[in-house]
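Values in this document were obtained by computation on a predicted structure and should not be read as measured data. In what follows, chains are A, B, ... by sequence order, proteins preceding strands, each numbered from 1.
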Protein chains: 2
Amino acid sequence: MEIKLIIIGFGNVGQGLAQILEDKNNFYKDNFNCDFSLVAVCDSLKGSLYDPQGLNISELLQAVKAGRSLESIDAPTKGWDALTTINQSNADIVIELAYTDLKTGEPALSHMKASFRSGKHFVTTNKGPVALHYKTLKSLSEHHGLMAGIEGTVMSGTPSLSLAKESLMAANIQSIEGILNGTTNYMLMRMEAGLDYDASLLEAQEKGYAEADPTGDVDGFDAAAKVVILANVLMGADLTLQDIALTGMNTLSIDDINVAKVKNECWKVLGHVNREPDGSFNAWVKPVKIKASHPLANVSGAMNAITYSTELMGDITLIGAGAGRIETGYAVIEDLIYIAKKCY
Amino acid sequence: MEIKLIIIGFGNVGQGLAQILEDKNNFYKDNFNCDFSLVAVCDSLKGSLYDPQGLNISELLQAVKAGRSLESIDAPTKGWDALTTINQSNADIVIELAYTDLKTGEPALSHMKASFRSGKHFVTTNKGPVALHYKTLKSLSEHHGLMAGIEGTVMSGTPSLSLAKESLMAANIQSIEGILNGTTNYMLMRMEAGLDYDASLLEAQEKGYAEADPTGDVDGFDAAAKVVILANVLMGADLTLQDIALTGMNTLSIDDINVAKVKNECWKVLGHVNREPDGSFNAWVKPVKIKASHPLANVSGAMNAITYSTELMGDITLIGAGAGRIETGYAVIEDLIYIAKKCY
């Protein structure tokens, strides 16, 4: 069946998603009975288009590649802002990929509210609205009988949340620990190879892993937001970012790393949450020294990994991409197909 | 809601499952709205009981522990064989855990047919019926509008099949490779530590990992059956056990293992299937030398792991238990909850 989509935010991830929709539409039609049609794109810098009959995705990608405004393309409606697009369009699902303020969760929060109130399912890969406002997201989606897709907020399209939600809840998850930030994991790999902190950061920035302002990665805020999401979504916690004890990777010296190497150990920045005997939660992000034989020791470069420790199944570890244009775009595809299966 | 179960085969896995049902029934009632009631148990050696109102699980476990026949317990009906139990009882779901002949898939195959024909969903952790008769399983379940649960046939309760089915199909799986047999993986770990082949086999037998006749493990038949299941269920192949090229681990010498160790490499028995450019499938089980930094290198002892190589997400690896009484019992729980969500 036809499922009409809006993409809010047409940066790297939005373009990666559009590329998948373009390349794989027949595959998804044939195998999942999902005929995805992109009816609107809305980007605060690149412009905004709406065509209730569906836009031509390859034209959109070409325009962006050529540095032209989206509005250079012919369409029945141009220039709508995100809220107007969400409220006025005929879409079934809103996909929120715009830049989000990690302090307020805006503008994603307003987009989420408008989606549900106008009868549309809501999918996002933005940590902000989910780490800060999961209760609102959950209660609004339940109240309106609509779905919220958030797979891409942790480990990009590596299905860390759905693995746990679909298959591990009945095993009783007691703690979650993992390599949740690819930038710091890449930097640690390069420091083990002999680079110092500044050189490894510069290289991570050159490769596009680290932002110009690397604070979110190296101080642990990015990983902390993911710990909050994992704890609240999978363990029934009600944590905020302030509940996560943070130790940045800049507390590590090149000596620490070399000494570990000699002892057949290595440092990883891990995010962690566990349920304490009194029912409270203990959560942190910090550099941890692990043995070279530890299952997470070989998770190197920009890869991410999560270990779920469960009562019935012991430890179950998932390793996969933690970022990337196509990889994060794929997280949206997973959510879209899940919503299609449940609701159409 | 109440869901009535039959267990066919009350060995290790059946008892592990019964233990979980006994310990966690309130948890599953409260969190999944599943009130599992065991109405029949049928074991060719331990006896057979049927009570349409539900049996007392702790009595069953006590009888087995004390070496008494199940039929020493009071119940309205005793002594039914498996087919009579499946055909005559009021159960919703048949759980097949009896010993299966890997050449014919019997008696599980007959139990599966009887389940579907009498209107009952069918769950099994037996590789036999799935590796040999997946087409029959699929067509009968579709024909009767009933579900087939097979999570426990690969990696016990580690959700290897559901991870792929629920989240990776849209990423286009191109190859699957993994450590699919815990016995040989344990033996290789012990041979790296200095034991010879015979001593490591003896130790695996003492620990209950290897059977008295270890052929199924060391010659690769067990892993081959899992490769067939993965290929047919997840990649649309139609392989038989004869299509898997087998090289047993007994082709490895202690010298091979020591030489690898010096070079920072290690041997793992891997199962593999990939789609060739012409659409055919290439599948094998053999010892493979991998680098110590390979994600599968740290999967040691009786643990299992699978790497799914996909077009859109690259490699995604899942590591977890590959066997065990409770772990394989939990695979059934996953299938039961999935069926309950879909059908009740």
Could you state the interatomic distance from CG (B/L17) to CZ (B/F36), rounded to the nearest 0.5 Å?
-> 9.5 Å
Heavy-atom closest contact (B/G329 atom, B/V13 atom, distance) | N-CG1, 4.0 Å
What distance do B/C343 atom SG and B/L146 atom CG have between them, rounded to the nearest 0.5 Å?
-> 7.5 Å
When A/P159, A/G320, A/G16 are compared by non-hydrogen pairs under 4.5 Å with chain B, the top option = A/P159
Could you tell me the separation between the CG atom of B/L188 and the CG atom of B/L195, rounded to the nearest 0.5 Å?
-> 12.0 Å
Pairs of donor and acceptor atoms, chain B with chain A, under 3.5 Å:
{"unit_1": "B/K24", "atom_1": "NZ", "unit_2": "A/E311", "atom_2": "OE1", "d": "2.6"}
{"unit_1": "B/K24", "atom_1": "NZ", "unit_2": "A/E311", "atom_2": "OE2", "d": "2.8"}
{"unit_1": "B/Y28", "atom_1": "OH", "unit_2": "A/A170", "atom_2": "O", "d": "2.7"}
{"unit_1": "B/S162", "atom_1": "OG", "unit_2": "A/S167", "atom_2": "OG", "d": "2.9"}
{"unit_1": "B/S167", "atom_1": "O", "unit_2": "A/Y330", "atom_2": "OH", "d": "2.6"}
{"unit_1": "B/S167", "atom_1": "OG", "unit_2": "A/S162", "atom_2": "OG", "d": "2.9"}
{"unit_1": "B/A170", "atom_1": "O", "unit_2": "A/Y28", "atom_2": "OH", "d": "2.7"}
{"unit_1": "B/A171", "atom_1": "N", "unit_2": "A/Y330", "atom_2": "OH", "d": "3.0"}
{"unit_1": "B/A292", "atom_1": "O", "unit_2": "A/N298", "atom_2": "ND2", "d": "2.9"}
{"unit_1": "B/H294", "atom_1": "O", "unit_2": "A/N298", "atom_2": "ND2", "d": "2.8"}
{"unit_1": "B/N298", "atom_1": "ND2", "unit_2": "A/A292", "atom_2": "O", "d": "2.9"}
{"unit_1": "B/N298", "atom_1": "ND2", "unit_2": "A/H294", "atom_2": "O", "d": "2.8"}
{"unit_1": "B/E311", "atom_1": "OE1", "unit_2": "A/K24", "atom_2": "NZ", "d": "2.6"}
{"unit_1": "B/E311", "atom_1": "OE2", "unit_2": "A/K24", "atom_2": "NZ", "d": "2.9"}
{"unit_1": "B/T317", "atom_1": "N", "unit_2": "A/I319", "atom_2": "O", "d": "2.9"}
{"unit_1": "B/T317", "atom_1": "O", "unit_2": "A/I319", "atom_2": "N", "d": "2.8"}
{"unit_1": "B/I319", "atom_1": "N", "unit_2": "A/T317", "atom_2": "O", "d": "2.8"}
{"unit_1": "B/I319", "atom_1": "O", "unit_2": "A/T317", "atom_2": "N", "d": "2.9"}
{"unit_1": "B/Y330", "atom_1": "OH", "unit_2": "A/S167", "atom_2": "O", "d": "2.7"}
{"unit_1": "B/Y330", "atom_1": "OH", "unit_2": "A/A171", "atom_2": "N", "d": "3.0"}

Largest heavy-atom contact set with chain B, pairs under 4.5 Å, which of A/G157, A/A170, A/C34, A/A321 = A/A170
Quick one: CG on B/L5 to CD1 on B/I95, what's the gap to the nearest 0.5 Å?
-> 4.5 Å
Between B/G14 and B/L97, the two heavy atoms sitting closest are CA-CD1, 3.5 Å
B/L296 versus chain A, the contacting section by heavy-atom distance below 4.5 Å | neither
Could you pull out the closest heavy-atom pair between A/L180 and A/G271, with the gap in Å?
-> CD1-CA, 4.2 Å
Considering only heavy atoms, which portion of A/L318 lies under 4.5 Å from any heavy atom of chain B: side chain, backbone, both, or neither?
-> both
Proximity breakdown for A/M169 and chain B, heavy-atom pairs closer than 4.5 Å = both
What are the two closest heavy atoms between A/M303 and A/I179, and how far apart are they?
-> O-CG2, 4.0 Å
Region of B/A292 in contact with chain A, defined by heavy-atom distances below 4.5 Å = backbone
Atom pair CG/CD1 of B/L230 and B/I173 - distance to nearest 0.5 Å | 9.0 Å
With a 4.5 Å cut-off on heavy-atom pairs, point out which of A/L312, A/L163, A/I326 contacts chain B the most.
-> A/L312
